[in-house]
Amino acid sequence: MTDFYARDGQFWLDGQPVIIQAGEFHYFRTPRTEWRHRLGLLKAAGFNALASYIPWIWHQLAEDESDLDGHSHPLRDLAGFLDLAAEMGFWIIARPGPYIMAETINEGIPPWVFSRYPQAAYISQDGQTQNVASYLQADFLACVKKWYRAVFEVLTPRQVTRGGRIILIQLDNEMGMIQWVRNILDINPDTLARFAGFVRQFYGEHLPRRYPTGQLEAVLREGITNPQAPQAAVSVQDYRRFYRAYLAEYTAFLWETAQANGMEVPPVINIHGFMNGGKTFPLGLSQLIEVMRLDGMLSATDVYPIFIGEGNYHQLLALNEITKALHNPHQPLFSIEFQAGGNNDFSGQQTSFYELHTRLSVSVGMRGINHYLFCDGENDPVLSPTKRHDWGHPVRKDGTLRRHYYRYPRLSRVLAAYGAALVTARPARVATIGFLLDQYMNEVNTPATKEDTSILIHQREVILFDFIARGLALTQRAFDALDLERSELSAAQTPLLWVMMEKQCPAAVQQKLVNYALSGGKLILAGRMCVEDADQAAYCTLLQEALGIERITSDRPFNQTHIHAFHYRDVPVSFLETYHGAFDEVFAQSEGGETVGFIKTIGQGKVMVLGAALGAYTLDDLDIMNQMALKMDCPSPFNLSDWADVRLSCGEKGNFLFVNNYLDDPVETTVAYQGEMLFRGKPLSLAARSGLILPLEWQVNAGLLVHSLTSEVVEITENESTLILKTAQDDLWVDMTLTGYRCENAAVLAVSGAAQRVLFHGEQGIILLTKLV
């Protein structure tokens, strides 16, 4: 029996660490006669898995009539499709909903659900009935039970636990996404009753301080539907928190129902929220945080950047690290919808985007990727009134290939060549970004909460993403992230912490930051000083008092002004604050000479504060961030002669340097790490919009240790007399230690017993080693 599981931050298959490289293929949009051909294209791309939605709307046309074997239509033969995929050697990620979205009617929910059970529909705050279900309404759940009973008759015997090929099953799809996109709150009576029950339990004896206790459901309904109601703002805030628990209860129901029908493989849910280059993504994490924390639950991201370049890759880094800080600690980073479309013919979209995005994601520890969607197709009218379903995917609906298809097999060869050594390598970090997930708990709004939300959006996007994350990324300071509310914080484990400040911050978090600095941590704060507890109901100035700030003068939000920082003058900022107190050093001032940025030693640590919203949009801005880092003893570990995105992963079987060139011009650069030149000072050459994964101290086998190589390996072949490494680039320099091999025309650098350290220059992309007799 095959075993698949997540452990120690890796996926394991039969006891071996693996990268899941999947492609999404919708069998219900491609003629059955073409299934084998399309799956063959996935295989040729180097993928070891496939994923597919299983549309409820397609397979269950009536409440008590199901077709999963194709007796009513050949494209309903789910069993035949899964068996074909297994025959062709794919592992399978099944995605049976209930929701699938995927541009289908009702997002994949059969119309009969709403026609027969109108009471199951979501009712938005304006009183309009939506074509969306109130997830926990009893009649909707009863319909879901019937769907799961039918679909799991096909899925259950095909799990790896029963000799099949299904390794994961996704429970529902993008829960909470429709609500966020449409900005709707549910006033279905069932949901309101649950909301009232949650509020009573959450506040307990303190409920009268928050709400009038008589007719609580009516009060909450009024707060949601009437922005002028006395409890309007707090009702929306509490609804958002309630909906986290609501989604977790719904997911638990789905999982329990699936298990009752034989589900044994791990469950996975996907996180929506990707807009504005990824800056909105933590909204989905906030909505689904209680789902992610269900014991044994795996989670995966949906990521659609459209393009990648030096101006936005930091956003992808940040959302990946924030996700890793929150998901099941046993699992690696996983994207179940990793953009593979967008290259409509003659669209001008970057064909290099897909490869560069994959390289970036692997460099930060992503070990599961489902390239979504891989094949165009056509819709039956049951699925959608729009027949054409193509969004520039690698494979056109007629089976011909777009240009970006050919990038997949090339990169797959590289990942396969490095194998387990690369899979088990972990990203090296020099800094940490601390975040408050509740600063993203504003996915739905009414006019009563709009102003507060607009402030948070500005601060998050400018400070967290475009100053801290962008500055760290562009100066090659690799970072991870830490959830300030849910994670332990110690100076030993996290010596340097960057945090976006905002006025509201829980007292426990303020105290945690103070204790961190007192015990030796180095804390960098940017934004507005924390002066209120999280719900704005009470002053909380623990952090301000610990820093000895006697008075704060705050500019009004969104007002544009200027500061002087280090030797830079007239730097544009917004949300300006000035501070009065006794500080060790002042590094930024307002135009009037008042303190904006300062350093203060407290206990065994020190704290740096910048009271302004500033993005790293120019070289001056970037150097301000760089100077702040240097002041806090955080130099960049890398020094390059020309800029490139560079990151290091380290493992027991080798280290790997990831280098990406996002520019439209080639780059040639030398690389130094922690003051020492890598690759014996030889420059790396990167073509325009290309990347390299280069080994350092890579133990290929017992007789070959590659100390460094300036070209990436795409294939390793061995026979009785030779070992051959083929590389992607023809010109290469390799520094290696050989035991039991010789390399013609290599310069001997050192000899130690039977081992020789040699330097070889190749010009044909081949390293040929001959075995010694």
Side-chain angles (χ1 to χ4, degrees), residues 308-310 313-314 317 352 355-356 359-365 411 414 417-418 421-422 425-431 470-479 619 622-623 626 629-630 634-651 654-699 705-714 725 727-737 749 757-762 765 767:
I308 190 170
E310 66 273 19
Y313 81 100
H314 67 283
L317 292 174
S352 57
E355 178 185 349
L356 287 170
R359 289 175 178 274
L360 176 79
S361 300
V362 173
S363 78
V364 297
L411 183 55
V414 176
Y418 292 132
L422 176 63
R426 303 293 179 95
R429 311 295 190 203
V430 298
R470 179 177 168 88
L472 290 172
L474 288 173
T475 58
Q476 287 121 0
R477 293 176 170 95
F479 59 87
L619 287 177
L622 183 61
D623 192 48
N626 181 56
L630 293 175
C634 180
S636 172
F638 289 101
N639 189 350
L640 280 69
S641 59
D642 198 359
W643 188 88
D645 170 29
V646 60
R647 219 170 341 275
L648 181 67
S649 286
C650 302
N655 306 327
F656 295 89
L657 191 74
F658 293 80
V659 190
N660 279 352
N661 173 23
Y662 304 117
L663 307 176
D664 290 333
D665 300 301
V667 166
E668 185 169 279
T669 185
T670 56
V671 181
Y673 180 70
Q674 295 183 342
E676 294 187 10
M677 293 298 295
L678 300 181
F679 310 104
R680 291 194 166 267
K682 306 297 183 184
L684 304 179
S685 296
L686 292 98
R689 297 197 57 79
S690 70
L692 294 171
I693 305 175
L694 302 177
L696 299 168
E697 307 303 325
W698 174 35
Q699 192 74 57
L705 172 61
V706 174
H707 300 289
S708 66
L709 174 59
T710 60
S711 178
E712 62 184 4
V713 178
V714 296
L725 280 67
T727 65
Q729 296 76 31
D730 289 339
D731 192 83
L732 65 92
W733 287 90
V734 59
D735 177 0
M736 53 189 171
T737 294
L749 302 176
R757 183 163 181 169
V758 302
L759 181 66
F760 173 70
H761 180 216
I767 304 169

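Both backbone and side-chain heavy atoms feed into the values below; hydrogens, waters and symmetry mates do not.
Between Trp733 and His761, the angle of the ring planes stays under 30°, which puts this pair in the parallel group of the 30/60° scheme.
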Verify side-chain contact (heavy atoms from CB on, under 4.5 Å) between Leu411 and Arg359, making sure each step is shown before the conclusion. CA-CA 8 Å; Leu411 183 55; Arg359 289 175 178 274; 3.8 Å; yes
Could you go step by step and tell me if Leu657 and Phe638 meet the side-chain contact (heavy atoms from CB on, under 4.5 Å) rule? CA-CA 11 Å; Leu657 191 74; Phe638 289 101; 3.7 Å; yes
Could you check Leu694 against Phe679 for side-chain contact (heavy atoms from CB on, under 4.5 Å), going step by step and ending with a plain yes or no? CA-CA 10 Å; Leu694 302 177; Phe679 310 104; 3.7 Å; yes
Just do the side-chain contact (heavy atoms from CB on, under 4.5 Å) check on Val671 and Met677 with the steps written out, would you? CA-CA 6 Å; Val671 181; Met677 293 298 295; over 6 Å; no
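At distances below 3.5 Å, not a single donor-acceptor pair connects side-chain atoms of Tyr313 with backbone N or O atoms of Arg470. Using modelled atom types, one side-chain atom of Arg689 and one backbone atom of Tyr662 make a donor-acceptor pair closer than 3.5 Å. Side chain of Gln729 to main chain of Glu712: a donor-acceptor pair is present (N/O by atom type, distance under 3.5 Å, no hydrogens or angles). Put simply, the side chain of Asn661 gets close to the backbone of Ala687: a donor and an acceptor are under 3.5 Å apart. Formation of a donor-acceptor pair under 3.5 Å by the Thr669 side chain with backbone atoms of Ser641 is found in this model. Using modelled atom types, no side-chain atom of Tyr673 and backbone atom of Leu678 make a donor-acceptor pair closer than 3.5 Å.
Looking only at atom types and distance, the side chain of Thr475 has no donor-acceptor partner in the side chain of Ser636 under 3.5 Å away.
Taking the side-chain hydrogen bond (donor to acceptor under 3.5 Å, both in side chains) definition, one finds that Thr737 meets it with His707, sequence neighbours left out. For the salt bridge (charged side-chain N to carboxylate O under 4.0 Å, His left out) test, no residue two or more places apart in sequence or in another chain qualifies with Arg477.
Note that CD1 of Ile693 is 12.5 Å distant from CG of Leu709, once rounded to the nearest 0.5 Å. Taking OG of Ser711 as the reference point, atom CD1 of Ile767 lies at 7.5 Å (rounded to 0.5 Å). Taken to the nearest 0.5 Å, the CG atom of Asp731 stands 7.0 Å off from the OG atom of Ser685. Atom CZ of Arg680 and atom OG of Ser708 lie 7.5 Å apart (nearest 0.5 Å).
You'll find the side chain of Arg647 reaches within 4.5 Å of the side chain of Leu317, heavy atoms only. Between His314 and Leu474, every side-chain heavy-atom pair lies at or beyond the 4.5 Å cut-off. Counting only heavy atoms from C-beta outward, the side chains of Val758 and Leu749 never approach each other to under 4.5 Å. Residues Leu705 and Trp698 form no side-chain contact, since every pair of their non-hydrogen atoms from C-beta on lies 4.5 Å or further apart. In this structure the side chain of Phe658 never reaches within 4.5 angstrom of the side chain of Leu360, judged on heavy atoms.
When Leu663, Asn660, Asp645 are each tested for a side chain to side chain contact (heavy atoms under 4.5 Å, CB included) with Glu310, only one passes: Leu663.
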